[in-house]
Structures are given as structure tokens and as C-alpha cells.
Protein chains: 2
Amino acid sequence: MQQTSRKQRERDNRHSLFLELAAKLIEDEGFPGLSMDRVAELAEYSKGTIYQHFSCREDLLVQLCNQSLSKLLELMKIAAGFDGHHRDCIVATVYAHTLWTRQSACNIDMLQHTAVASVTSKATENSLAQHKHIEQELMATLVELVQGAINNNELPKNKQLNPMDVVFGLWSTCYGGQLIINSDIELSELGVKNTHAVLLRTACLIMDGMQWQPLHSEKRLKKLLARFETELFANELNQLGIKTLFESQTK
Amino acid sequence: MQQTSRKQRERDNRHSLFLELAAKLIEDEGFPGLSMDRVAELAEYSKGTIYQHFSCREDLLVQLCNQSLSKLLELMKIAAGFDGHHRDCIVATVYAHTLWTRQSACNIDMLQHTAVASVTSKATENSLAQHKHIEQELMATLVELVQGAINNNELPKNKQLNPMDVVFGLWSTCYGGQLIINSDIELSELGVKNTHAVLLRTACLIMDGMQWQPLHSEKRLKKLLARFETELFANELNQLGIKTLFESQTK
DNA sequence: TAAAGTTTAGACAGTTCGTCAGAATTTGAC
DNA sequence: GTCAAATTCTGACGAACTGTCTAAACTTTA
């Protein structure tokens with residue numbers, strides 16, 4: 001069994017190599033730059049070998065996306081563990097989402113490209129199942145926070161919206177917002193100055209609308225963000241070479 | 001000039017025919033089903049002729065998207081003209097957005113596919129300019145409502161968010177939400193029963209969070225929706241063969 | 001009616017995807 | 001150390017698609 005294990009290890013390494021090179025290709029030349037031929041060429045393997053790891057281009061895409069999503073899940077779990085009210089944790093997850101999109105523009109792109117029917121219809125059962133699983137874990141992390149807030153009487157029960165509905169609403173805002181930010185629409189030209197901050201504030205408005213306690217004053221929000229940056233994501237910010245995600249507009 | 005005008009007319013008709021067939025192709029077989037060859041075949045023209053109307057496949061896509069967006073703009077303008085408070089008009093625009101995605105699943109798909117860099121980088125200046133123009137009109141329609149509410153003292157001024165920021169937040173929620181609804185994620189399985197209604201309520205929460213008057217009781221919201229369905233979009237609902245967009249869950 | 005001008009057709013070159021038969025390598029028994 | 005069996009890798013190939021370009025077909029006009 002020693003032998004098979006070595007083989008398996010080699011196979012896994014190759015698999016990682018292919019994914020890594022594919023990600024690099026996308027980073028460098030965008031999605032159309034990712035072709036199976038190019039990956040094979042860069043990896044110095046032939047096409048046939050690539051196709052032993054990925055049933056088709058779409059499957060490769062979904063696997064790449066799963067990699068990205070896994071990173072998001074990690075950040076989200078860190079955020080959910082923030083030492084504060086449940087509401088603060090939710091704000092932290094929104095922060096984490098922003099951080100994730102900042103780590104690489106490809107992250108949110110990947111999600112967008114993978115969510116398309118022409119991709120999901122061709123990918124492997126296996127890859128899709130994994131994708132679904134990560135998504136469910138993400139949702140579960142958030143639902144837990146909402147449920148916790150309800151149990152603690154911080155979030156009044158709402159006849160119209162159950163916990164998962166709340167998560168769906170917040171998720172929509174973050175996802176849609178990031179997509180718009182990432183699109184060609186020039187928001188700054190339209191008058192939206194600090195896009196990420198606006199999204200975060202919008203998420204807060206949703207919570208305010210539900211009377212989710214404690215309501216945030218501007219001062220309190222600023223303090224929270226500062227704490228995220230030191231207590232939760234110091235490493236990540238450091239890697240990005242920045243001190244803060246939301247450039248303060250007041251001098 | 002009579003002659004050129006007739007020629008121009010013929011050319012325009014052909015252009016419409018191509019767009020129509022392309023839309024049909026997408027409707028029937030999805031985005032990968034749309035190939036220039038197929039359009040040519042269906043239209044009983046040759047490829048060369050198609051390429052006189054569209055510089056490339058991407059340009060055709062953007063033009064299709066522009067068609068969809070124009071329809072949305074029409075609905076939005078109807079919504080913005082609702083006889084009620086500014087806040088009610090905003091709710092009407094959210095309703096309009098939902099209606100639009102219901103008219104054809106392709107509508108939101110089109111936006112998603114067109115927002116991708118590989119498409120926008122290849123399309124014609126012209127088509128892209130038109131796209132931008134429609135988007136700006138959409139935004140302008142919404143900003144006007146927000147500004148109107150501020151002027152009427154219905155929406156308290158907010159130091160952190162200017163009118164365009166508010167529009168961006170609402171837009172994000174609708175757009176992101178519709179994309180998620182339209183994706184393969186099975187929300188009902190996750191516990192979100194009436195997705196469109198949840199989105200609408202989330203938009204209301206954002207407005208509640210800003211103290212945008214008049215706040216909506218559940219009763220008032222129901223009444224509003226009913227009015228939209230008779231006063232604004234009776235025709236559109238009729239065409240869809242439905243009485244209401246939001247199936248009431250109470251018997 | 002015929003030359004000039006315009007429009008259309010579809011063959012062609014260039015990509016990319018995904019397959020598959022055969023070449024190359026590795027394995028393990030002797 | 002040798003060799004047959006098993007495994008893995010290779011790259012030529014067919015199919016589909018994009019976008020171009022020349023020659024043919026058609027229209028206009030004098």
C-alpha cells in the first residue's frame with residue numbers, strides 16, 4: 001500500500017499544480033485565457049493527462065471556484081467567532097466578505113462564472129456536490145448567528161422573515177454589491193465614493209430595520225471595524241499590504 | 001432618399017430579426033446554444049450578413065442585453081410614476097424588477113453574461129455606450145425618488161449615505177437576490193420559501209433602517225402590492241397569465 | 001440594357017474542446 | 001537483472017465555432 005500511497009500523493013500534487021496554474025492563467029489573462037491546452041503546456045503535461053483530472057473545462061472551473069469559496073468559508077468562520085454581540089459578528093462576516101473580494105478580484109469573478117447554467121450543467125457531480133456543501137456551510141454559519149441573536153432576545157422575532165430569510169437578504173446585498181463593484185459600471189462617476197463602506201452600511205441598515213440590538217452609532221461602527229482589523233484579520237491585511245479596508249474619508 | 005430609406009428599413013428589420021432569433025436560441029438552448037452560425041441558419045442568411053450587423057458574438061450579446069434593459073427601464077418608469085409616497089414608488093420599482101425577471105428568466109441571465117469582462121472587452125463602443133446610457137437612466141430614475149423623499153422630509157438626511165449610495169444599496173440587494181434565485185442554489189431546500197417576497201421585504205428593511213417615512217405595516221404593504229397589480233402592471237401580469245407576483249402564504 | 005455599385009454567400013484559416021489508439025513508463029514476479 | 005502485464009502519458013484527430021475575405025449575385029441608375 002506504500003506504493004499506491006506514493007502514487008496517490010503524486011497524483012494529488014499534480015492536481016494541485018494544475019489548479020494553481022489555471023488560477024494563475026485566469027489572474028494573468030482573464031477567463032478566456034484559461035484553456036486546457038495552455039494549462040497542459042504550462043504544466044508540461046499533455047492534454048490527455050489534464051483530462052484525467054478534470055472531465056472538462058467546466059469541471060476545472062468549478063473546482064477552482066470551490067477553492068475560492070473554501071477560503072471565504074475560513075474567513076467567515078473567523079468572523080463568526082468574533083467576541084461581541086451576534087450583530088457584531090454579522091458585521092464581521094460582511095467585513096470578511098469584502099476582505100475576500102479584495103484578496104483577489106478573481107474570487108468573486110469565479111463565483112459569477114461558475115453560477116452559470118452552461119458551467120454547472122457540464123461539471124462533475126462530485127465537484128458540484130462539494131460546491132453545494134461549502135455553500136451550505138457558509139449559510140449555516142450565518143444562520144447560527146441569526147438564531148443566536150433571536151435566542152438572546154437581541155433580534156425581535158419577525159413573523160414575515162425566518163432566520164434563513166434574513167441571511168438570504170444580507171447575502172443578496174453583499175453578493176450583488178460586490179458584483180456591481182466588480183463590473184464595468186463606474187460607480188465613482190455616478191457618485192458612490194466608497195463602495196465597500198456603503199455596502200457594509202447597507203447591511204447595517206437591514207439590521208436596523210429589524211431592530212436588531214444593539215443599534216450602531218457611527219462611533220461604535222468605527223470602533224468595531226478597528227477591532228476586526230486588529231483582532232480578526234491582522235494577518236490577512238498584512239498580506240495585502242494595507243492597514244485598513246475602508247479608507248477613512250475624514251482627515 | 002426614398003430608396004435609401006427603404007433600404008434602411010429593410011436593414012433595420014433584418015437587425016431585429018437577428019436579435020429576435022438570437023433571443024429565441026438562448027431561450028431554447030441556453031447561452032452556449034447561441035452561435036453565429038445558428039443565427040445565420042435560422043434567419044436564412046449567411047454568416048457574412050450577420051457579421052455586417054454585429055462585429056462579433058459579444059456585440060450581439062450586449063445588444064440583446066440592451067433590449068432586455070430597455071424593457072426594465074420602461075417598467076421602472078411606470079413604477080416611478082406610482083401615485084403615492086416616494087417610498088411607495090421605490091417599493092414599486094422593486095416590484096417592477098421582480099416582474100421583469102419573471103417575464104423571462106433570460107432577462108437577468110443576460111445581464112449576468114454581459115457583465116463579464118471577456119464580453120465587454122470585445123463589444124462595440126457603440127453598443128457599450130448604449131448599455132451605459134440605459135443604466136444611467138435607470139439610476140437617475142431611482143435617485144430622483146430618493147432625492148424627492150429627502151426634499152419632502154420623508155427621508156432624514158444621512159451624513160454617511162448620499163442618495164446615490166442608497167440607490168446602490170437597494171440595487172445591490174435586488175440584483176444579487178435575483179441572481180441567487182436564478183442560480184442552482186435550492187433556496188427552498190435551505191428554508192427560504194417565498195424568495196421574491198423576502199427580497200422585497202429586505203428592501204423595505206433598508207428603508208426602515210433609514211427611517212424613511214411612512215414606515216410600512218404588513219397591512220399597508222399588502223395593500224400597496226395589490227395597488228401595483230391593478231394600477232401599474234395589470235397588462236404585464238395578464239400577459240404572464242398570473243394574478244399576483246407574490247403568492248400569498250396565508251389562506 | 002449594361003456598367004457601376006452594393007450586398008450576400010460560403011469556403012477558409014485559426015482556435016479550442018474532448019477522444020483515443022498507440023507509445024512510454026512503471027511494476028512485480030521470477 | 002529481465003520481461004510481461006499493468007498503468008500512465010502523448011499528441012494527432014474530428015468536431016464545432018469564430019471571424020475574414022473573395023467571388024458571385026443582385027440592385028441601381030443612366
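Nothing here was measured: the structure is a model prediction, and the numbers come from that model.
Looking at B:Lys47 and B:Asp37, a side-chain N of the basic residue comes within less than 4.0 Å of a carboxylate O on the acidic one, giving a salt bridge. Salt-bridge formation is detected for the pair A:Glu186/B:Lys132: a Lys NZ or Arg NE/NH1/NH2 atom is positioned less than 4.0 Å from an Asp or Glu carboxylate oxygen.
A donor-acceptor pair shorter than 3.5 Å can be found between the side chains of A:Gln63 and A:His15. Side chains of B:Gln130 and B:Asn126: a donor-acceptor N/O pair is absent below 3.5 angstrom, by distance only. Checked by atom type, the side-chain pair B:Ser172/A:Thr173 shows no donor-acceptor distance below 3.5 Å.
The neighbour count for A:Gln67 CD, taken as heavy atoms of other residues, nucleotides or ligands under 6.0 Å away, is above 12.
A heavy-atom distance below 4.0 Å to DNA chain D is reached by these residues of residues 13-30 of chain A, ordered by number: A:Arg14.
One atom, CZ of A:Phe31, and another, P of C:dT16, lie 17 Å apart when rounded to the nearest Å. When rounded to the nearest whole Å, the span between CG of A:Asp59 and P of C:dT19 equals 12 Å.
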Quiz prompt | Stepwise side-chain contact (heavy atoms from CB on, under 4.5 Å) check, B:Asp184 with A:Leu128 | solution = CA-CA 10 Å; B:Asp184 286 346; A:Leu128 288 175; 5.9 Å; no
Practice problem: Under the side-chain contact (heavy atoms from CB on, under 4.5 Å) rule, what do A:Leu60 and A:Leu34 come out as? Steps first, then yes or no, please. | Solution: CA-CA 10 Å; A:Leu60 170 54; A:Leu34 173 69; 4.1 Å; yes
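Summarising the geometry, atom CG belonging to B:Asn66 is positioned 10.0 Å from atom CG belonging to B:Leu111; distances are rounded to the nearest 0.5 Å.
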Quiz prompt | Protein-to-nucleotide contact annotation, 5' to 3' order, nucleotides 10-24 of chain D [B base; S sugar-phosphate only; - none; under 4.0 Å, heavy atom] | solution = BB-----SBBB----
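The terminal axes of the helix from C:dT1-D:dA30 to C:dC30-D:dG1, fitted over 5 pairs per end, subtend an angle of 10° to the nearest 10°.
In this structure, the side chains of B:Ile181 and B:Leu199 come closer than 4.5 Å at one or more pairs of heavy atoms.
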